[in-house]
Amino acid sequence: MQSLSQSCQGLTYTVKWMFGVPEALNALRNMDIREGSSIQVIRKYQDCLVIGASGRRIVLVNEVA
């Protein structure tokens, strides 16, 4: 397993586990991102990445990813 911030642009991943600040986890779950969800890494930047999940595009800073 690897951190999402270490993923490759253009690939699709399945979320196996999530941990962190409860507020951040709740925000992700409210956007239908949870364990078992499939997400696509659309674009990687030095300090953040853009993912696609549940028909949405979401920007995550590397600390959250």
Side-chain angles (χ1 to χ4, degrees):
M1 287 190 266
Q2 68 183 18
S3 168
L4 187 58
S5 64
Q6 299 173 342
S7 60
C8 295
Q9 182 173 306
L11 295 181
T12 301
Y13 296 89
T14 300
V15 177
K16 298 289 183 185
W17 44 264
M18 294 171 47
F19 66 92
V21 179
E23 293 83 6
L25 294 175
N26 288 337
L28 291 170
R29 289 185 180 115
N30 287 338
M31 292 182 272
D32 294 325
I33 298 173
R34 53 184 44 92
E35 292 85 352
S37 298
S38 292
I39 57 170
Q40 181 182 18
V41 177
I42 297 170
R43 179 82 174 155
K44 286 190 70 162
Y45 296 98
Q46 188 172 9
D47 58 348
C48 66
L49 54 116
V50 179
I51 64 169
S54 301
R56 300 176 186 194
R57 300 294 183 256
I58 303 162
V59 178
L60 297 175
V61 295
N62 287 338
E63 290 82 12
V64 173

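In this structure a side-chain-to-backbone donor-acceptor pair under 3.5 Å is missing from Gln40 to Gly52.
Of all non-hydrogen atoms in Cys8 and Tyr13, the two that sit nearest each other are N-OH, 2.9 Å. Taking both residues in full, the closest heavy atoms of Ser38 and Thr14 are given as OG-OG1, 4.0 Å, listed atom of the first, atom of the second, then distance.
Using a 4.5 Å cut-off on side-chain heavy atoms (C-beta onward), Leu49 and Asn62 make contact.
Under the 4.5 Å side-chain contact rule for hydrophobic residues, Val41 and Tyr45 do not share a cluster. By the criterion of side-chain heavy atoms lying less than 4.5 angstrom apart, applied directly or through intervening Ile, Leu, Val, Met, Phe, Trp or Tyr residues, Ile33 is not grouped with Val59; the two fall into different hydrophobic clusters. No path of Ile, Leu, Val, Met, Phe, Trp and Tyr side chains, each step under 4.5 Å between heavy atoms, connects Val50 with Leu4, placing them in separate hydrophobic clusters. Following chains of ILVMFWY side-chain contacts shorter than 4.5 Å, one cannot reach Ile42 starting from Ile58, and the two form parts of different hydrophobic clusters. Put simply, Leu60 and Val21 are part of two different groups of oily side chains (I, L, V, M, F, W, Y) that touch within less than 4.5 Å, one to the next.
For residues 20-39, the salt bridge (Lys or Arg N to Asp or Glu O under 4.0 Å) pairs, not counting sequence neighbours, are Arg29-Glu35, Asp32-Arg34.
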